[in-house]
Amino acid sequence: MSTELETKTVAKTEPPKKQKVILLNDDYTPREFVVEVLQAVFRIGGQTAFRIMHTAHTQGACVVAVYPANVAETKCNEANDLSKHAGHPLQFTTEPED
Ligand code: TYC
């Protein structure tokens, strides 16, 4: 009979944290540019992109989408870099999903 103790390790994997990507309004970025960035970076169709742009324009901000945290950060940085390189003040940010 063995006297060795067996240790069982149960992996407790937390579901990946999710983050909202939020589009912020500003007074200078052309509306068409906002729609183009939404389409290119977030793969959003033209009508939905226009609606998100318009909501941010009238309300001050709009949730673009919810992604796993690393995806949200990457897409947010990509969109902000595109805007900066084009010389626009357009800003995207992330915040934890509720
Ligand atoms: N408010 C900008 C304008 O009047 C357009 C705009 C819309 C900018 C949405 C940013 O998130 C934004 N040209």
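- Contact record, Ala56 with Cys62: N-CB, 3.8 Å, taken as the closest heavy-atom pair.
- Taking the side-chain hydrogen bond (donor to acceptor under 3.5 Å, both in side chains) definition, one finds that Glu73 meets it with Thr94, sequence neighbours left out.
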Which donor-acceptor pairs under 3.5 Å do side chains of residues 29-41 form with protein atoms, sequence neighbours excluded?
unit_1: Thr29; atom_1: OG1; unit_2: Asp26; atom_2: OD1; d: 3.1
unit_1: Thr29; atom_1: OG1; unit_2: Asp26; atom_2: OD2; d: 2.8
unit_1: Thr29; atom_1: OG1; unit_2: Leu90; atom_2: N; d: 3.2
unit_1: Arg31; atom_1: NH2; unit_2: His57; atom_2: NE2; d: 2.8

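- Hydrophobic clustering (side-chain heavy atoms under 4.5 Å, transitive across Ile, Leu, Val, Met, Phe, Trp, Tyr) groups Val63 together with Leu24.
- Closest heavy-atom contact between Phe92 and Asn80: N-OD1, 2.7 Å.
- In this structure a side-chain-to-backbone donor-acceptor pair under 3.5 Å is missing from His54 to Phe50.
- Once rounded to the nearest 0.5 Å, the distance linking CE of Met53 with CD1 of Ile44 reads 12.5 Å.
- At a threshold of 4.5 Å between side-chain heavy atoms, the hydrophobic network of Ile, Leu, Val, Met, Phe, Trp and Tyr places Phe42 and Leu82 in one connected group.
- Distance check, rounded to the nearest 0.5 Å: OG1 of Thr93 to NZ of Lys20 gives 11.0 Å.
- Scanning all heavy atoms of the two residues, the minimum distance from Ile22 to Ala61 falls at CG2-CB, 4.0 Å.
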